[in-house]
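Worksheet for the structure shown next.
In this text, all values refer to a predicted model and were calculated from it rather than measured experimentally. All ligand and atom numbering here is 1-based and tracks the order in the structure.
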Amino acid sequence: MLNPSGRVVVIGAGNVGASIAYSILNQEIAHEILILDIAEEMAKAQVLDMQDASNFTHGVSVKYADYKDIDDGDIVVITCGAAQKEGQTRTELLGINAKIIRDVISKIKTTRKNVYVCMVTNPVDVLAYIAVKESGLPEAQVFGSGTILDTSRLKGAIGRDAHVNSNNVHAYIMGEHGDTSLPVLSSGNIANMPLDTFVKLNDQYYTDIAGKIRNTAYEIIKGKKATYYGIGNAVASICKTIIRNENKIYPLSVILKGQYNAKDVSIGVPVMLNSDGYKIVGEVPLNDLERNLFDESVKTVKANIQAANA
Ligand code: NAD
């Protein structure tokens with residue numbers, strides 16, 4: 001069994017990597033944060049800047065690192081690659097980022113260390129699949145951030161509509177972290193009461209909220225070129241759950257083995273996470289519409305995996 005080292009290694013120190021590191025630093029989730037990037041000068045500057053911030057913590061250490069510094073039990077968060085540009089779909093990023101991720105995984109592999117890997121780079125489902133297949137690490141320790149960010153957006157949106165704190169909203173976005181993601185509202189609830197106690201849960205509401213969540217990333221990118229604070233806090237939560245063995249449920253991108261009638265695909269479904277990694281503890285009941293949309297999402301991700309392997 002793998003024991004978390006309490007360290008997080010962030011590969012890629014751009015907007016997303018820096019935001020994840022900064023969230024982990026400010027919440028004092030790890031005792032040490034290691035940062036690496038091919039843009040060495042920029043990454044070293046990020047480290048210096050975060051070391052300044054760390055003086056206001058209880059002593060979190062932030063260092064520039066190389067692959068050789070990776071050790072057993074570290075959580076390796078992969079954010080490197082090209083970012084989604086305005087008007088560009090996550091799928092278009094596929095070819096460029098698949099190449100980068102294969103290279104990064106092979107470098108992690110040469111360290112021969114037993115680590116957790118959290119893929120964040122897009123298209124995250126395809127790249128998480130590649131990471132599982134090519135890292136040789138136990139499958140429970142390798143996953144993508146999946147629809148954790150989309151789900152937080154959904155809970156926020158329903159919470160605002162219902163005038164209820166989003167922490168009391170229990171509903172997930174499942175499927176691809178991309179254009180075929182789907183809200184699962186049929187089994188959603190607020191304090192054990194069906195969602196339609198609080199919001200008018202008709203087809204129009206479903207279509208509107210699905211579109212709203214899906215377009216948030218595009219809207220943020222249009223206005224400020226990249227999204228990073230949300231994923232920063234989301235991945236910090238994932239790291240905290242592994243380090244503190246919290247047994248929390250998150251919709252991560254994991255390889256299905258017959259669950260939801262799908263196999264050999266990595267896609268966002270709720271799983272339990274702790275220091276052992278993730279475990280698929282059950283299946284969310286889906287109505288006919290959600291089942292069809294999930295099947296479509298699986299098809300899309302599978303086609304992208306095939307394209308990445310071609
Ligand atoms: P960015 O361009 O700001 O940063 C990417 C960094 O990766 C750069 O600093 C670059 O130098 C580095 N890099 C490139 N190739 C590398 C390599 N081989 N080794 C080490 N470093 C390398 O981009 P960003 O805004 O930080 O976005 C990063 C990724 O995160 C993108 O793919 C983006 O789509 C994704 N993202 C995912 C989610 C999610 O929910 N999964 C959310 C937001 C962004």
Side-chain angles (χ1 to χ4, degrees), residues 9-23 34-47 49 64-67 69-70 76-108 110 117-131 143-154 173-179 181 213-214 216-221 223-238 250-254 266-268 301 304 308:
V9 182
V10 180
I11 302 181
N15 289 311
V16 171
S19 299
I20 291 168
Y22 192 56
S23 283
L34 305 177
I35 295 178
L36 76 102
D37 194 298
I38 45 162
E40 203 174 315
E41 196 183 347
M42 180 278 293
K44 284 185 172 162
Q46 294 280 27
V47 168
D49 202 6
Y64 184 76
D66 197 350
Y67 287 92
D69 301 313
I70 293 176
V76 181
V77 175
I78 300 178
T79 76
C80 59
Q84 194 178 358
K85 309 234 165 38
E86 189 184 341
Q88 185 181 42
T89 67
R90 292 184 183 98
T91 315
E92 282 164 350
L93 281 178
L94 174 64
I96 309 164
N97 285 347
K99 194 159 171 266
I100 292 174
I101 295 310
R102 285 202 165 95
D103 180 51
V104 166
I105 295 292
S106 75
K107 287 183 175 136
I108 295 171
T110 54
V117 174
C118 176
M119 180 64 61
V120 181
T121 306
N122 278 320
V124 68
D125 300 289
V126 178
L127 300 180
Y129 181 91
I130 291 175
F143 54 82
S145 56
T147 46
I148 186 170
L149 177 58
D150 322 56
T151 295
S152 73
R153 286 176 182 148
L154 176 73
I173 297 275
M174 289 176 55
E176 179 199 17
H177 172 62
D179 295 339
S181 68
I213 305 309
R214 220 173 278 139
T216 305
Y218 292 111
E219 213 173 304
I220 298 173
I221 289 165
K224 55 177 272 189
K225 307 244 181 316
T227 75
Y228 37 91
Y229 294 132
I231 191 66
N233 273 0
V235 175
S237 292
I238 289 173
Y250 295 111
L252 303 179
S253 187
V254 302
S266 188
I267 198 156
V301 177
N304 288 338

Exercise. Assess M119 for proximity to ligand 1: is some non-hydrogen atom of it under 4.0 Å away?
Key: no
Could you pull out every donor-acceptor pair under 3.5 Å between side chains of residues 93-100 and any protein atom, sequence neighbours left out?
residue	atom	partner	partner atom	Å
N97	OD1	A82	N	2.8
N97	ND2	A82	O	3.0
N97	ND2	N122	O	2.8

Practice problem: Could you tell me if any non-hydrogen atom of A43 lies under 4.0 Å from any atom of ligand 1? | Solution: no
Quiz item: Are the side chain of T147 and the backbone of I173 linked by a donor-acceptor contact shorter than 3.5 Å?
Solution: yes
Quiz prompt | V120 backbone acceptor or donor facing S145 side chain under 3.5 Å | solution = no
Quiz item: Which is it for N97 and ligand 1 at heavy atoms under 4.0 Å: side chain, backbone, both or neither?
Solution: side chain
Quiz prompt | Candidate with minimal heavy-atom separation from atom 35 (C) of ligand 1, of D37, N122, V235, V104 | solution = N122
Quiz item: Short question: side chain of D150, backbone of I213 - any donor-acceptor pair under 3.5 Å?
Solution: no
Quiz item: Between N15 and ligand 1, is there a nitrogen or oxygen pair with a distance under 3.5 Å?
Solution: yes
Quiz item: With backbone taken as N, CA, C and O and side chain as the heavy atoms from C-beta onward, which portion of I231 lies under 4.0 Å from ligand 1: side chain, backbone, both, or neither?
Solution: side chain
Self-check item: Crowding at OH, Y228 (>12 non-hydrogen neighbours, <6.0 Å)
Solution: yes
Quiz item: Mind checking whether V16 has an N or O less than 3.5 Å away from an N or O of ligand 1?
Solution: yes
Quiz item: Who gets closest to atom 2 (O) of ligand 1 by heavy atom: A39, G81, A226?
Solution: G81
Quiz prompt | Nearest-0.5 Å distance, CE of residue M174 to OG1 of residue T151 | solution = 9.0 Å
Exercise. Go through ligand 1 atom by atom and flag the ones less than 4.0 Å from a non-hydrogen atom of A82.
Key: 31 (C), 32 (O)
Quiz item: For G175, does its backbone N or O pair with a side-chain atom of S181 as donor and acceptor, under 3.5 Å?
Solution: no
Self-check item: ligand 1-proximal atoms of S145, by part, heavy-atom distance under 4.0 Å
Solution: side chain
Quiz item: So is D103 polar-close to ligand 1, meaning N/O to N/O under 3.5 Å?
Solution: no
Quiz item: Any N/O of V120 closer than 3.5 Å to an N/O of ligand 1?
Solution: yes
Self-check item: K225: partners by side-chain contact (heavy atoms from CB on, under 4.5 Å), with sequence neighbours left out
Solution: none
Exercise. Classify the contact between T79 and ligand 1 as side chain, backbone, both or neither, using a heavy-atom distance cut-off of under 4.0 Å.
Key: backbone
Exercise. Output yes when a side-chain donor or acceptor of Y67 lies under 3.5 Å from a complementary backbone atom of T110, and no otherwise.
Key: no
